[in-house]
Engineer: 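Take this structure first; my questions come after.
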There are 2 protein chains.
Amino acid sequence: MTRAFARLGNTTSLKSGIHPFPGQPVHNLILGGLPRREREAVAAKLQFIEFPTHCVLNEIAGPIRYGYFIDSGLASILNVTSEGKSVEVGLTGKEGFVGLPLIVGFDTSPTRAVTQIAGTAFRVSARDLKSLFRDCPQLLKLLHRYSQEFALQITQVAACNRLHRVDQRLARWFLMSQDRLGGSSFLLTQEFLSHMLGTRRASVTTAAGVLHKAGFITYRRGKVTIEDRAGLEKAACGCYASLTRQLKQWRGKPR
Amino acid sequence: MTRAFARLGNTTSLKSGIHPFPGQPVHNLILGGLPRREREAVAAKLQFIEFPTHCVLNEIAGPIRYGYFIDSGLASILNVTSEGKSVEVGLTGKEGFVGLPLIVGFDTSPTRAVTQIAGTAFRVSARDLKSLFRDCPQLLKLLHRYSQEFALQITQVAACNRLHRVDQRLARWFLMSQDRLGGSSFLLTQEFLSHMLGTRRASVTTAAGVLHKAGFITYRRGKVTIEDRAGLEKAACGCYASLTRQLKQWRGKPR
DNA sequence: AAAGCAGTGTACGTTACCGTACTGAATTTG
DNA sequence: CAAATTCAGTACGGTAACGTACACTGCTTT
């Protein structure tokens, strides 16, 4: 459990390009929710990047140099203990932003943010972000709202990690990932899942076996496929349902 | 584990009075951090209350009618699962505010907030709070900062609850409570601690026994006394240390 | 084709904690 | 003062998960 993040130490090859945003549609919901004026102001400071898997965006106790508006793929926010064990506390996909402490001017990260499924993002330097906040009230507002949503997610995951079995948590994880990614199969190893769930790799194998035998998923060498979503929802604990219910309720608010 | 919150259902006797703030000093750090103008504007909308223990401030999935600036005592933020089990995800004392979703306009609570140690607070209605936000940028700023601090707390607690033993978590809890309360003994039953830690009451007894035998605490019918804080810090896992380190680091920021 | 390796399956003794239940001591109530 | 109640301590069988280790199986590399 201790060594597997070793190769993540170096912030591996981020292919960055210059495209905010030439015609291509933007999937990120925060950027997408900005009024035109702010969107243009923000776009001027963004840098488009493609990230591979297992790339560290922010290191624990390290400086937060950039904020990331995830556009596709998936990033995990992990807490890493002094003994080197890790647990995922939150997942961020195209609905969100990585680097939340920046929105109140805190510039060190209490967590490790690591890309989980390869994808793309728009990144902005901490400095530029700060100056954008002066002119873009809606940007700030949306980020603060996302921050509350994210806190809700941590809250739910915290309880779930304490109270429920590995197979239930694994089911929840698949559901949450699918929500943020779309599609029904993604590439990830059990080794990595074990870091997310804060268990042994062997426990993930067993738990995946349970879900597999029930016909909900198939798993083959780093590729999981969700075969029966409804089944997974039954296999998961109530945490998934109450999380989505609350998110829906909040998002349904007039504004 | 299921029944113990029964009597909390009714929001028991909140003795409320009218004192924002006639001479008495205000301990709450958020209120205390406001510039005079804002402080007066806010004070006009506050109501002073004394709360007993085990009083529900916000119910899970319920409306958030009031925000509470805790002035003394302690409130816990709990997640309660559909099976009725509960885990504490955060603690709020005089440094904080209960009702965080309100600061972005969300008015239902994803968690249960319950008073843990009797004390006092200034409460403000959701409606008044909303209107205050228009004129009090510093209030909003301090609340947003607190929100990030609180998220950090959840993050740390989430990992701790997953990875560490009951006795370690119990030690952490005592330390966190003492930080927020001052003093070295507080009134609380093992039954309640079990809800906080998300374990059986019997496990709390055992864990408390460990800390007692080591000479760190004494426990007698609902009253714990911290006898050796340094010892407790060693008995706790690294979570407590890294939480306080990060908080200190953030709070030390120029602004 | 052989070798190497990453990823998965499985096993086994150990540990922490669970659910439950009963006891006794301290405190409150009648 | 006796009775009732609240709270802490303890016990016991059961279970989920742990640490560790090893074998198997597809891919990749040479």
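Every chain is numbered from 1, with letters handed out A, B, ... down the list of sequences.
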Engineer: Closest to the A:Q190 side chain: C:dT8, D:dC18, D:dC27?
Structural biologist: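 Nearest to the side-chain atoms of A:Q190, counting from C-beta on, is C:dT8.
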Engineer: With a 4.0 Å limit, can you tell me whether B:R220 has a side-chain N or O closer than that to the phosphate oxygens OP1/OP2 of C:dA25?
Structural biologist: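 False: B:R220 side-chain N/O out of range (4.0 Å or more) of C:dA25 OP1/OP2.
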Engineer: Just how far, in rounded Å, is P of C:dC17 from CZ of B:R165?
Structural biologist: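 Going from CZ in B:R165 over to P in C:dC17 covers 7 Å.
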Engineer: Kindly indicate whether the side chain of B:L243, heavy atoms from C-beta on, has any atom under 4.5 Å from the side chain of B:R172.
Structural biologist: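 No - every pair of side-chain heavy atoms lies 4.5 Å or more apart.
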Engineer: Would the base of C:dG9 count as contacting A:R201 through its side chain, where contact means a donor and an acceptor less than 3.5 Å apart?
Structural biologist: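 Check passes, donor-acceptor contact within cut-off.
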Engineer: Would you kindly give the CZ-to-C1' distance between A:F186 and C:dG7, to the nearest whole Å?
Structural biologist: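 Taking CZ of A:F186 and C1' of C:dG7, I get 18 Å after rounding.
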Engineer: Could you please name the option among C:dC18, C:dT8, C:dG19 that lies closest to any side-chain atom of B:K85?
Structural biologist: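 Nearest listed nucleotide: C:dG19.
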Engineer: How are the rings of A:H54 and A:F192 set to each other: parallel, tilted or perpendicular (split at 30° and 60°)?
Structural biologist: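 The arrangement is parallel - the two ring planes meet at less than 30°.
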Engineer: B:R200 side chain N/O closer than 4.0 Å to the phosphate oxygens (OP1, OP2) of C:dC17?
Structural biologist: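 No, because none of the side-chain N or O atoms of B:R200 sits under 4.0 Å from OP1 or OP2 of C:dC17.
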Engineer: Rounded to the Å, how far apart are B:K223 NZ and C:dA26 P?
Structural biologist: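 Going from B:K223 (NZ) to C:dA26 (P), I get 16 Å.
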Engineer: With no hydrogens and no angle check, just 3.5 Å: does a side-chain donor-acceptor pair link A:H195 and A:Q116?
Structural biologist: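 A:H195 vs A:Q116: no donor-acceptor pair found between side chains.
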Engineer: A:H54 has an atom NE2; how far is it from atom C1' of C:dG7, in whole Å?
Structural biologist: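 In whole Å, C:dG7 C1' lies 12 Å from A:H54 NE2.
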Engineer: Ignoring hydrogens and angles, does a donor from either the side chain of B:R221 or the base of D:dT6 sit under 3.5 Å from an acceptor on the other?
Structural biologist: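 Side chain to base: pair present.
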Engineer: Phosphate oxygens OP1/OP2 of D:dT6: is one of them under 4.0 Å from a side-chain N or O of B:T189?
Structural biologist: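 So the side-chain polar atoms of B:T189 never come under 4.0 Å of the phosphate oxygens OP1 or OP2 of D:dT6.
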Engineer: How about B:F122 and B:F69: are their ring centres within less than 6.0 Å of each other?
Structural biologist: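 Distance test on ring centres: not under 6.0 Å, no.
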Engineer: Tell me the interatomic distance from A:L163, atom CG, to C:dC18, atom P, rounded to whole angstroms.
Structural biologist: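 Taking CG of A:L163 and P of C:dC18, I get 9 Å after rounding.
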Engineer: Students often get this wrong, so: under 4.0 angstrom with heavy atoms, is A:T205 touching a base, only sugar-phosphate, or nothing?
Structural biologist: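 If one applies the 4.0 Å heavy-atom cut-off, A:T205 turns out to touch a base.
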Engineer: Between D:dA8, C:dC17, D:dC27, which nucleotide has the shortest distance from any of its atoms to the side chain of B:Y219?
Structural biologist: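 When the side chain of B:Y219 is considered, D:dA8 is the closest of D:dA8, C:dC17, D:dC27.
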Engineer: Taking the side chain of A:V166 as heavy atoms from C-beta outward, which of C:dT8, D:dT20, D:dA17 is closest to it?
Structural biologist: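 Of all the options, the side chain of A:V166 is nearest to D:dA17.
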Engineer: Please state how far atom CG in A:N161 lies from atom P in D:dA17, giving the value in whole angstrom units.
Structural biologist: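 So the CG-P distance, A:N161 to D:dA17, works out to 12 Å.
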Engineer: Checking A:Y146 against A:T92: is there a side-chain donor and acceptor pair closer than 3.5 Å?
Structural biologist: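 Judged by distance alone, the side chains do pair up.
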Engineer: Scan B:A202 against the nucleic acid and name what it touches under 4.0 Å (heavy atoms): base, sugar-phosphate only, or nothing.
Structural biologist: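 Base, at least one base heavy atom under 4.0 Å.
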Engineer: Starting at atom CG of B:L197, determine the distance to atom P of C:dA16, rounded to an integer number of angstrom.
Structural biologist: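 It is 17 Å, rounded to the nearest whole Å.
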Engineer: Starting from C1' on C:dT8, measure out to CG on A:L187 and report it in whole angstrom.
Structural biologist: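 Interatomic distance, CG of A:L187 to C1' of C:dT8: 16 Å.
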Engineer: Select from A:R162 and A:T206 the residue whose nearest nucleotide in DNA chain C is closer to the 5' end of that strand.
Structural biologist: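 Upstream on the strand: A:T206.
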Engineer: Name the orientation class of the two ring planes belonging to B:F174 and B:F186 (parallel below 30°, tilted from 30 to 60°, perpendicular beyond 60°).
Structural biologist: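 It falls in the tilted class, 30° to 60°.
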Engineer: Counting side-chain heavy atoms from C-beta on, which of D:dC27, D:dA17, D:dA8 comes nearest to A:R169?
Structural biologist: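 Looking only at side-chain atoms, A:R169 lies closest to D:dA17.
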